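Notes follow the structure.
The model shown is predicted, which means the values in this text are computed figures rather than measured ones. Below, read A as the first sequence line, B as the second, and so on, with proteins coming before strands; counting in each chain starts at 1.
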Number of protein chains: 2
Amino acid sequence: MRISQLSAASGVPIPTIKYYLREGLLPQGEQTAATRAEYDEAHLRRLRLIRALLEVGRVPVATIAKIIAAVEDEDMPVHTMLGTAHYALASPAEPSPGDAEHVRARERVEALIAGLGWDVKPEAPTRDELAEILVRLDQLGMPATDERLRDYADVTMRLVSEYDMALIPFHGPRETAVETLVIGTVLYGKAFDVLRRLAQESESARILGT
Amino acid sequence: MRISQLSAASGVPIPTIKYYLREGLLPQGEQTAATRAEYDEAHLRRLRLIRALLEVGRVPVATIAKIIAAVEDEDMPVHTMLGTAHYALASPAEPSPGDAEHVRARERVEALIAGLGWDVKPEAPTRDELAEILVRLDQLGMPATDERLRDYADVTMRLVSEYDMALIPFHGPRETAVETLVIGTVLYGKAFDVLRRLAQESESARILGT
DNA sequence: CTTACCTGGATAGCATGACTATCCAATGCG
DNA sequence: CGCATTGGATAGTCATGCTATCCAGGTAAG
């Protein structure tokens, strides 16, 4: 299919598709002539993934590009690729990881992870992300209790191991594994968020008698 | 305290504080003279809330302004105020709520909510948000099973009723109730997200034998 | 006093991110 | 044959969230 058909099938304007091609989010089509290239189903699928990450997950274009680059680097082993993709989805580095409050929160995070017996790399950016949230909660006068964190973590792990990770085809094509991981992280993450807000509304109505 | 002290105490630059004042995120200080105003602890607290929502939750300034406006409208009953704040936190309207796919997904959402016995207003934007995610998952060839959605929802409701809503001082000052709700939605929502990513990393390491 | 420094208020400018528009020469289909 | 389409390149746009500059009135240490 040509670019105009790819555009029609996906609903993405041609200039935007060209932009994604430039940014390396979408692989080049197969050149059939100097001014003609063919696109296929894989491009359409990739385009849908890009739009889902951008529009639902608000993942920056630059982050998507990093993930794609890891997929396309055939020399990278699958677990490294998945790790790269995963870390790319972390929020951009927080400003504070230096002060005393953050260090203390960071220690609470270490203790939590150790207590759960989780296997998380010491340099995972996720650790600082969580610590930063604890700092903010403290500053707002609503510190998170160990019990609450622990409970959230237990529930999270159950769902992750039962669904998110159980469904990843680790030994299939690399592209598919990353796709499944990213969809699990971003789209189901968002689904979780929305369900939480729905549950909050329902509980609020129940408590306040609508 | 004067603006320079507020700035020093919060770490937010003076021009940024002035910007928040202009946008109505922060109430005016008490004017003590034509060119002098006094700020207090409430301003500092509000500033910390704003920064947490912006930096951790990535909530747009315009959305924060809407929430503040609801708090400041003394005529608005508490449950209306909480509803307003809550809906303001929904993602900006999705583009598709018209086509056939979305309508079908929307019906699945209705069925889910009904099946759970949740009390959610028919016009809640959250319904469309969830439907939109289901549409994307379908398009990506990874449709969400009813079982998975149901399981996510059950777990979510347990945590929400046990923590998020249980801790809201519904009958205290209106400002505090909204603050608690918003923190519960945004900061704990983010904490959940980070815990999920930590759990995913740990599971991935376990499965791939690191 | 007085003089250097803050203030609050107003206006304008900037950086980033995600597009969108315009050109251009080379096709290629009818 | 001739005109719409294509790929590639370059530049412009729009929304956000600040940041910088001015200005005149006010404060406060010496």
[X] has an atom [atom1]; how far is it from atom [atom2] of [N], in whole Å?
X       : N      : atom1 : atom2 : result
B:Glu30 : C:dG8  : CD    : P     : 13 Å
A:Leu21 : C:dC19 : CG    : P     : 14 Å
A:Arg22 : C:dA21 : CZ    : C1'   : 11 Å
B:Leu26 : C:dG8  : CG    : P     : 11 Å
B:Ile17 : C:dC6  : CD1   : P     : 16 Å
A:Glu23 : C:dC19 : CD    : P     : 10 Å
B:Met1  : C:dT7  : CE    : C1'   : 16 Å
A:Arg58 : C:dA18 : CZ    : P     : 11 Å

Hey, does B:Glu38 reach any base, or is it just sugar-phosphate, or nothing, if we go heavy atoms under 4.0 Å?
->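 If one applies the 4.0 Å heavy-atom cut-off, B:Glu38 turns out to touch nothing in the nucleic acid.
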Give A:Gln28 one of three labels, base, sugar-phosphate or nothing, depending on what nucleic acid heavy atoms sit under 4.0 Å from its own.
-> sugar-phosphate
I'd like to know if [X] and [Y] make a salt bridge, using a cut-off of under 4.0 Å between side-chain N and carboxylate O.
X        : Y        : answer
B:Glu110 : B:Arg106 : yes
A:Asp164 : B:Arg148 : yes
A:Arg46  : A:Glu72  : yes

Please step through ring pair (Phe, Tyr, Trp, His ring centres under 6.0 Å) for the pair A:Tyr188 and A:Tyr163, ending with a clear verdict.
-> CA-CA 10 Å; A:Tyr188 278 99; A:Tyr163 299 106; 8.2 Å; no
If I compare all heavy atoms of [X] with all of [Y], which pair ends up nearest, and what's the gap?
X        : Y       : answer
B:Tyr39  : B:Arg2  : CD1-C, 4.0 Å
A:Glu179 : A:Leu49 : CG-CD2, 3.5 Å
A:Ser10  : A:Leu44 : CB-CD1, 3.7 Å

5′-ward residue of the pair A:Lys18/B:Val61 relative to DNA chain D | A:Lys18
Chain B vs DNA chain D, heavy-atom contacts under 4.0 Å, first-to-last nucleotide span, 5' to 3', is D:dG17 to D:dT27
Which is it for A:Leu149 and A:Arg108 under the side chain to side chain contact (heavy atoms under 4.5 Å, CB included) test, yes or no, and what are the steps along the way?
-> CA-CA 10 Å; A:Leu149 284 177; A:Arg108 275 192 76 192; 3.8 Å; yes
Would you tabulate the nitrogen or oxygen pairs shorter than 3.5 Å linking the protein to nucleotides 26-30 of chain C?
{"from": "C:dT27", "atom 1": "O4'", "to": "A:Thr35", "atom 2": "OG1", "distance (Å)": "3.4"}

Can you list, pair by pair, the side-chain donor-acceptor contacts under 3.5 Å of residues 24-32 of chain A, counting residues two or more places apart and other chains?
{"from": "A:Gln31", "atom 1": "NE2", "to": "A:Ala33", "atom 2": "O", "distance (Å)": "3.0"}
{"from": "A:Thr32", "atom 1": "OG1", "to": "A:Arg36", "atom 2": "O", "distance (Å)": "3.3"}

Between C:dC19 and A:Tyr20, is there an OP1 or OP2 to side-chain N/O distance shorter than 4.0 Å?
-> yes
